[in-house]
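None of the values given here were measured: they were computed from a predicted structure.
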Amino acid sequence: MFNKVLIANRGEIAVRILRACRELGIETVAVYSEADRQALHVRYADEAYLLGPAPSSESYLRGDKIIEIAKKCGAGAIHPGYGFLAERADFAEAVIAAELEFIGPKPSAIAAMGDKAIARATVTKAGVPVVPGTEGVGNLSDEELLAIAPKISFPLLIKATAGGGGKGMREVRTLEEMPGLITSARREAKAAFGDDNVYLEKLIEGAHHIEIQILADRHGNVLHLNERECSLQRRHQKLLEESPSPFADDDLRRRMGAVAVKAAQAVDYVNAGTIEFLVDKDKNFYFLEMNTRLQVEHPVTELVTGVDIVKEQIRITRGRPLGYTQDDIHMTGAAIECRINAEDPYNGFMPSTGKISHIIMPSGPGVRVDTGVYPGFTITPYYDPMIAKLLVWGETRGQAILRMRRALEEYRIVGVRTNIPFHQTMMDSHRFMGGQYDTRFVEERFSMEAIEEGKEIHPDIAAIMATLVAHQQTQRAAHVVRRGERDTSNWKWVGRWERMHR
Amino acid sequence: MFNKVLIANRGEIAVRILRACRELGIETVAVYSEADRQALHVRYADEAYLLGPAPSSESYLRGDKIIEIAKKCGAGAIHPGYGFLAERADFAEAVIAAELEFIGPKPSAIAAMGDKAIARATVTKAGVPVVPGTEGVGNLSDEELLAIAPKISFPLLIKATAGGGGKGMREVRTLEEMPGLITSARREAKAAFGDDNVYLEKLIEGAHHIEIQILADRHGNVLHLNERECSLQRRHQKLLEESPSPFADDDLRRRMGAVAVKAAQAVDYVNAGTIEFLVDKDKNFYFLEMNTRLQVEHPVTELVTGVDIVKEQIRITRGRPLGYTQDDIHMTGAAIECRINAEDPYNGFMPSTGKISHIIMPSGPGVRVDTGVYPGFTITPYYDPMIAKLLVWGETRGQAILRMRRALEEYRIVGVRTNIPFHQTMMDSHRFMGGQYDTRFVEERFSMEAIEEGKEIHPDIAAIMATLVAHQQTQRAAHVVRRGERDTSNWKWVGRWERMHR
Amino acid sequence: MKYVTTINGHEFIIEVIDDRHVSVDGKVLEVDFESVSGEPVYSLIVDGKSHEAYIYPGEENWEVLLQGRLYPVIVEDEREKRLRAASGSGVAESGEFHLKAPMPGLIVAIPVSEGQEVEKGDVLLILESMKMQNELKSPRAGVIERIRVKPGDSVEQRQKLLSVA
Amino acid sequence: MKYVTTINGHEFIIEVIDDRHVSVDGKVLEVDFESVSGEPVYSLIVDGKSHEAYIYPGEENWEVLLQGRLYPVIVEDEREKRLRAASGSGVAESGEFHLKAPMPGLIVAIPVSEGQEVEKGDVLLILESMKMQNELKSPRAGVIERIRVKPGDSVEQRQKLLSVA
């Protein structure tokens, strides 16, 4: 049984895995790029090895080098985290070929779920509903599309086979308007992608993105840890997740859980995984995809179920049977996760880089922060902008929201802009409080400027504070001229001055 | 019903109470001394008022001023925290006289439990066992002492009535040796305190300090939240607490809980309180005292029971009945608290003051930190040296210890010395791991130098690191001389140099 | 010292009387204002209320982030204000605008060409950074003057990318 | 540069070869040594092992706090080492010792008087700070020379309290 784990990742998830290993008494090996010499995962690990230059392709994606390091330092297993090499079947294969344990599913399961058409076919065969449509069927003529449309039922979407980003996409509400829309969709697709093939997909209105966490051991036991609500997204990036879903009820939860277990069993799944579903307003649900790895938002499930998912991953890989049965899994209270990104919500969510000069982390009852940064660490443009996950647990969803509000207010990060104000605005949104949101909420019905009723604003205070800072700056500038350069006591305020203008 | 609370305290407990208020949607008022203008409780509160100069007597003990501020700003209640005015019956009385709510027990209960003789008499009448002895009986002659001694049973202690600090104290194991010991005890007491009166108290060998958390509402409901083990002390200061106690079993827990409820009822207790017991090696227990306030270590109970004690305090004061019955109270898993003090465990636990330049706070699964400090805050000599409480929860005591170990390792506090190494040594101690400790453990059988078997040490690494720092310093010093004073680029490393020598 | 401080078109006349006092539109307030541990984080206690904000210098204004809300604040002393009034208010609308890279990254696409007319809000350039594609938009209408980069270029923070005249 | 580095009586001969290499007792090691964000916290990766320590300058030594253990380390270059050997080893035992206040506080008691002989470990003074009474002890045997404070005095950090000769 292995007693040393190499963590093939960086940032908060590397730290998260490292913590689990340490709490199991397992030795840890970090790998890092040249940009990450001072990263927290390097500082916290027992051993650390340089992979190469900052770009991922020369460092965190160098599976060959990572396996070589694992062999050399005597690690018995590799945890891939999420992103980078986590869903690369060839990497998992290479790890196993090197006689190391891969902390994740079998390469065959990764491969089966990695190809969208194969995944749809596999789970359909197992009786799992997928979004009705003609994707993967082949190139259809206008006549064929018009014939199939009523079977899918309206409303539906015409989508470009080669497409993406909404180009060549049309919403169709009736059969009558369809021929004209097919023509214009084909024309747009041709112009954008040089390919005028299109397919049909049922339009899920007011859709929720809800996912089910799965755990499966090597002894044939598969169980689910209920759902996570992930509908708050922007450009397909999740921003906030919660469990339980305010939209789900016990019946939906049970039905989705059972189906998710079936989907996992269909590919002989082992270890932790997540089945993502689209759920329509009538609580019909459709398989979207399976993430064959640890998920960013796994801690919301940990907080409501008490199960340490990363520790379970390691135990499973060590060949142990699951420590729980489905009947042991209960949800207590409510958990919310806010992804804290280095990006400016007042400037189109533009990523923000630079040195973090100061942090005050929220804590106290019911608060958890998973992060890979610290004061003095520099956010580079090489990796993704998520710098922390702020999580809260509350006895009820209402208490969790109030707790998240106070935790966001406490959080201070100086040196880069963050999306904390976005989350603060979200926590004040009456629709969010009421659980009235779907996947289009952030992009279509949410604004940083809209002020919810009853929310106090303080332009006078902002005016006084800015004026006092401007005044101090003017005074100091005058001071410099008077004092001259040689006076060593200037050092002190020059330091302050410089910090202010960083 | 009040909707604004003044918090008559500072530091971590002020922040803790503030968080509870915020999560209940209650407005918060901080008070502060001149030394605390930048303290976290001032920064986090909605309102903040200056009390006076740094010494407590001129600030946090100014009950009159605090009540005046509460009246002026429209606060409806005052939370005293612990220490300062928390157990002053006259303050509680004045608060009520000013038509404000006091978040704590009735003044009569504070007074009854504040006088040791009255407290002993009161709880004895209610059938609560106290440490057998003659304290409060009056001044006894040698003959009377010798006559009573066998009834108390040996071993016992002779203690000076006027005394303290071990002066005039003698351990007695047999009746034969007693007359001589009384004489020498009287002589020493006379010399030290000018009073040669002594009394007898049963010597509790291998004693545990275990306390029971009580909650009582205004409707006559009293319940207990089980025990906390607080035997790890130094100079009567608790250093580490845990729940459940590794020494207690269900039977002892039930018996102590029932007795604690009786003791609380005996003084008509309302709000949160704690009954402290001495428990001997045969699991006999004796009432020590009741703390009629929130306790420093209350979060260990919160972590295992899920009850938010501070929120309950506020709900009780708002006149609500308890949200729980005794049957709802269960302990899940195990929790440990390490008190992080600004003191140097390698230098007689000498307090350490100065500016905290850098903090990395541990977090992740199962970790909670209650603190009132942040990077840039200065620790002054005016208040107590506790700067944070590091808490962990684990599924078992073993997992909690492993988690505490990793959390202590992650914690970085630069600028003041802390007792983190003490806690790290404790977590490695085989006796602590085995739960084999009593109130004398820290002072008599624990050493920072003793290395537990199997613990790796790294003098070679320490040697290399110190040599490299010394080498860099020499190089830099040479550099200064060469560069001369005017070169502005010196500023940068001078800053570093100064930080290094802070 | 007297300042004219503007937030979203609303003007406040603020006089800094001394270290402890300001007047806002003629009303004198006692203020306790401190920078927290040398960071651009400021604590203001006024009238018992405790406020804390991040205050960043912007190009032509101050950005005050207070309780999860961003206030763009223009602070001018009276002399500046008179000068600006004399020269016309169109500061932001006149002169050349230079689009600079807000962060290091890779130029993915430049959907405009030199001489092209653009409207306010039109996408001028797409910059990839942190695994995200970021659209840089024109802050005003104008004509594209000089494009200094091409798709595929790596750029440094603050590097000039193109100009709008 | 060659150093003689001593921990609890054990000597290491350490040569700093260049930025990336040291030799310890003749064995060459590749080291990656960095100060973390300008703080006295240092990260050392040697032979793949990642170590982190606080390193504080003491009066005559360095204090290295590594994995919850404090190592008092004396680092001398070879010249210093020879000088010390020539002058005898009693550096710490000779000369006057000045007891300084380790922190600001209030003098509670001074249980010694001028001219009194004290042993190593004897309590010289009790200083109250942070609600605690702290006993300041003599680091060596000697005679109390000059007491500069009296009970009830408030003292600043590093203020000289008394001397042992």
Nearest heavy-atom neighbours spanning [X] and [Y]:
{"X": "Val73(C)", "Y": "Ala463(A)", "answer": "CG1-CA, 4.4 Å"}
{"X": "Pro351(A)", "Y": "Ser129(C)", "answer": "CG-O, 4.1 Å"}
{"X": "Ile7(C)", "Y": "Pro459(A)", "answer": "CD1-O, 3.2 Å"}
{"X": "Met465(A)", "Y": "His51(C)", "answer": "CE-O, 4.3 Å"}
{"X": "Phe33(C)", "Y": "Gln472(A)", "answer": "CD2-NE2, 3.7 Å"}
{"X": "Gly68(C)", "Y": "Gln424(A)", "answer": "CA-OE1, 2.9 Å"}

Using a 6.0 Å cut-off, check whether atom [atom1] of [X] has over 12 heavy atoms from anything other than its own residue.
{"X": "Glu444(A)", "atom1": "CD", "answer": "yes"}
{"X": "Asp19(C)", "atom1": "CG", "answer": "no"}
{"X": "Arg148(C)", "atom1": "CZ", "answer": "yes"}
{"X": "Tyr382(A)", "atom1": "OH", "answer": "no"}
{"X": "Glu117(C)", "atom1": "CD", "answer": "no"}
{"X": "Lys238(A)", "atom1": "NZ", "answer": "yes"}

Side chains of Ile461(A) and Tyr71(C) in contact at under 4.5 Å (non-hydrogen atoms):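 No, side chains not in contact.
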Quick one: which of Gly348(A), Ser352(A), Ala466(A), Pro345(A) has the most heavy-atom pairs under 4.5 Å with chain C, could you say?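 So the answer, after comparing Gly348(A), Ser352(A), Ala466(A), Pro345(A), is Ala466(A).
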Picking from Asp384(A), Asp344(A), Thr353(A), which has the most non-hydrogen pairs under 4.5 angstrom with chain C? Asp384(A)
Of the listed residues (Leu44(C), Thr5(C), Val16(C)), which shares the most heavy-atom pairs with chain A below a 4.5 Å separation?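 Of the options given, most contacts go to Val16(C).
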Which answer fits [X], side chain, backbone, both or neither, if we ask what part of it has an atom under 4.5 Å from a heavy atom of chain A?
{"X": "Leu65(C)", "result": "side chain"}
{"X": "Leu66(C)", "result": "side chain"}
{"X": "Pro104(C)", "result": "both"}
{"X": "Glu128(C)", "result": "neither"}

Interchain contact, [X] with chain C, by part (heavy-atom threshold 4.5 Å):
{"X": "Ile420(A)", "answer": "neither"}
{"X": "Asp460(A)", "answer": "both"}
{"X": "Ser56(A)", "answer": "neither"}

Can Arg412(A) and Glu39(C) be counted as an ion pair, charged N to O under 4.0 angstrom?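 Between Glu39(C) and Arg412(A) there is no salt bridge, as every charged N stays at least 4.0 Å from the carboxylate O atoms.
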Using modelled atom types only, decide if a donor and an acceptor are shared between the side chain of [X] and the backbone of [Y] within a distance under 3.5 Å.
{"X": "Tyr346(A)", "Y": "Leu70(C)", "result": "yes"}
{"X": "Tyr54(C)", "Y": "Ile413(A)", "result": "yes"}
{"X": "Tyr3(C)", "Y": "Leu468(A)", "result": "no"}

Gap between atom CE of Met350(A) and atom CG of Leu136(C) - 0.5 Å precision: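 Atom-to-atom, Leu136(C):CG and Met350(A):CE are 4.5 Å apart.
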Between OG1 of Thr425(A) and CZ of Arg69(C), what distance do you get to the nearest 0.5 Å? 7.5 Å
State whether Tyr56(C) and Arg417(A) meet the cation-pi test: NZ (Lys) or CZ (Arg) under 6.0 Å from the six-membered ring centroid, and within 45° of the perpendicular axis. yes
